[in-house]
Amino acid sequence: MPLTVKTTAPEYGSPISDPRYLTVLKDPFYRCLVDLQDLISYETAAFWRSRNVRSVHLPVTTGSISSPMGLGSDSLPVQVDLFGVPVYLADSMQFMLEYGCRLTDSGCYYLMPSFRGEDTDATHLSQFFHSEAEIPGSLGDVIETADAYIRHLASAIVSELADPVRQVVGGTEHIEKFLASPTTPMTFDEAVDELGASPEFFEFHDEWRTIKRAGERRLLEHYGPAVWLSHFDHLSVPFYQAADASGQKALNADFLLGPGEVMGCGERHLGGAEVRAALTQHHVAEEEYAWYVGMKDHHPLRTSGFGMGVERFLMWVLNHSDIRDLQLVERINGVVTAP
């Protein structure tokens, strides 16, 4: 059962007399948040160092967004004018991590901001920190690695920050239960069979389906504390995700924990021909991805990767209901805030 102790952070949108930054400075919740952010940065580097995976320094601008408008897109890109040239702020640097994989033996990673065009809500930020990695190998390889990574972070929190977390949450039993339990594997089709084809839990389109947050949480209630939900309908995921032999199911998986999905992963297409076919199938123009297709043509390599939303992971750690509180410095699209 989730903890019911309320953290000291005020619920998002509740009236406060001081500007938000002054509230943050006097609230112990945010001192704990800083400690957690620091630990995640340190332990992320330690985890990848132990696996010989390289950190790469990447720009925050890109011409090749990883969530293009078309089938399988679940986010809006943020386009900016940079000295007369239209570019996008990075929604993910997965393509560049695939590029980096061809310069390393064991893969590469980063921890940096991502930008999305949608409005914020209780589980979604328009600007958030993204922990992403790409490694040589299959979907099975990256699932094993991603599961080990998130357990590494959870173990470090219990070991290093149990007291501060207990002070603001009331306990660490939810983290300890997760560490003591295996992650439940489940395919998307199995989830539909389990929950029923209900619009409460799923969205249905002509040729593909997606799961809603309510469906994710119902699966966690029945099979938690964590679930690997895999093999979505291929048209429901972005074009860069590889498909199984049938061509109907994606070689992908979402890691469900706490508020729902906290991490997504997938296997990529091996060569350029597969990418071209997927671009056509997903109704995405090849032009902005010509370099990516060319890389696959000239340097084919089987890789798989994952991305974890740091603030969404911390929602679970702190048993907090609104992700918007997990910003030290608030950022909302279309709103200027100080600092």
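Nothing here was measured: the structure is a model prediction, and the numbers come from that model. Every heavy atom of this structure was used, including side-chain atoms; hydrogens, water molecules and symmetry mates were not.
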Check whether any side-chain heavy atom of [X] sits under 4.5 Å from a side-chain heavy atom of [Y], and report yes or no.
{"X": "Asp325", "Y": "Met315", "result": "no"}
{"X": "Tyr240", "Y": "Ser66", "result": "yes"}
{"X": "Leu220", "Y": "Arg218", "result": "no"}
{"X": "Glu200", "Y": "Lys212", "result": "no"}
{"X": "Leu89", "Y": "Gln127", "result": "no"}
{"X": "Leu328", "Y": "Tyr30", "result": "yes"}
{"X": "Cys32", "Y": "Val165", "result": "yes"}
{"X": "Ser114", "Y": "Phe128", "result": "yes"}

Could you check whether atom [atom1] of [X] has more than 12 heavy atoms from other residues, nucleotides or ligands sitting under 6.0 Å from it?
{"X": "Arg49", "atom1": "CZ", "result": "no"}
{"X": "Phe204", "atom1": "CZ", "result": "yes"}
{"X": "Tyr99", "atom1": "OH", "result": "no"}
{"X": "Asp121", "atom1": "CG", "result": "yes"}
{"X": "Glu190", "atom1": "CD", "result": "yes"}
{"X": "Glu287", "atom1": "CD", "result": "no"}
{"X": "Arg209", "atom1": "CZ", "result": "yes"}
{"X": "Asp81", "atom1": "CG", "result": "yes"}

[atom1]/[X] to [atom2]/[Y] distance, rounded to the nearest 0.5 angstrom?
{"X": "Asp147", "Y": "Thr183", "atom1": "CG", "atom2": "OG1", "value": "3.5 Å"}
{"X": "Lys249", "Y": "Ser236", "atom1": "NZ", "atom2": "OG", "value": "8.0 Å"}
{"X": "Glu311", "Y": "Ile40", "atom1": "CD", "atom2": "CD1", "value": "8.5 Å"}
{"X": "Leu279", "Y": "Glu274", "atom1": "CG", "atom2": "CD", "value": "12.0 Å"}
{"X": "His152", "Y": "Trp48", "atom1": "NE2", "atom2": "CH2", "value": "10.5 Å"}

Would you check if the side chain of [X] reaches a backbone N or O of [Y] as a donor-acceptor pair within less than 3.5 Å?
{"X": "Glu216", "Y": "Glu261", "value": "yes"}
{"X": "Asn252", "Y": "Phe232", "value": "yes"}
{"X": "Glu267", "Y": "Leu139", "value": "yes"}
{"X": "Arg166", "Y": "Thr172", "value": "no"}
{"X": "His299", "Y": "Met295", "value": "no"}
{"X": "Arg268", "Y": "Ala242", "value": "no"}
{"X": "Asp244", "Y": "Gly247", "value": "yes"}

Could you tell me whether the side chains of [X] and [Y] share a donor-acceptor contact shorter than 3.5 Å?
{"X": "Thr44", "Y": "Tyr149", "answer": "yes"}
{"X": "Arg331", "Y": "Asn333", "answer": "no"}
{"X": "Ser41", "Y": "Asp38", "answer": "no"}
{"X": "His234", "Y": "Gln241", "answer": "no"}
{"X": "Arg116", "Y": "Ser67", "answer": "no"}
{"X": "Thr187", "Y": "Asp189", "answer": "no"}
{"X": "Ser304", "Y": "Glu134", "answer": "no"}
{"X": "Tyr21", "Y": "Thr337", "answer": "no"}
{"X": "Tyr223", "Y": "Glu194", "answer": "yes"}

Which residue, Phe188, Phe255, Phe306, forms the ring pair (Phe, Tyr, Trp, His ring centres under 6.0 Å) with Trp228?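 Considering Phe188, Phe255, Phe306, a ring pair (Phe, Tyr, Trp, His ring centres under 6.0 Å) with Trp228 is found only for Phe255.
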Which word best sums up how the rings of Trp208 and His205 line up, parallel for under 30°, tilted for 30 to 60°, or perpendicular for over 60°?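 Taking His205 first and then Trp208, their aromatic rings lie parallel (interplane angle under 30°).
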Would you call Glu330 and Arg324 a salt bridge, using N to O less than 4.0 angstrom?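 A salt bridge is absent here (no side-chain N lies under 4.0 Å from a carboxylate O).
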Under 6.0 Å between the ring centres of Phe239 and Tyr289?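 When the ring centroids of Phe239 and Tyr289 are compared, they turn out to be within the sub-6.0 Å range.
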Aromatic ring proximity Tyr109/Phe47, centre distance under 6.0 Å: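 No, ring centres 6.0 Å or more apart.
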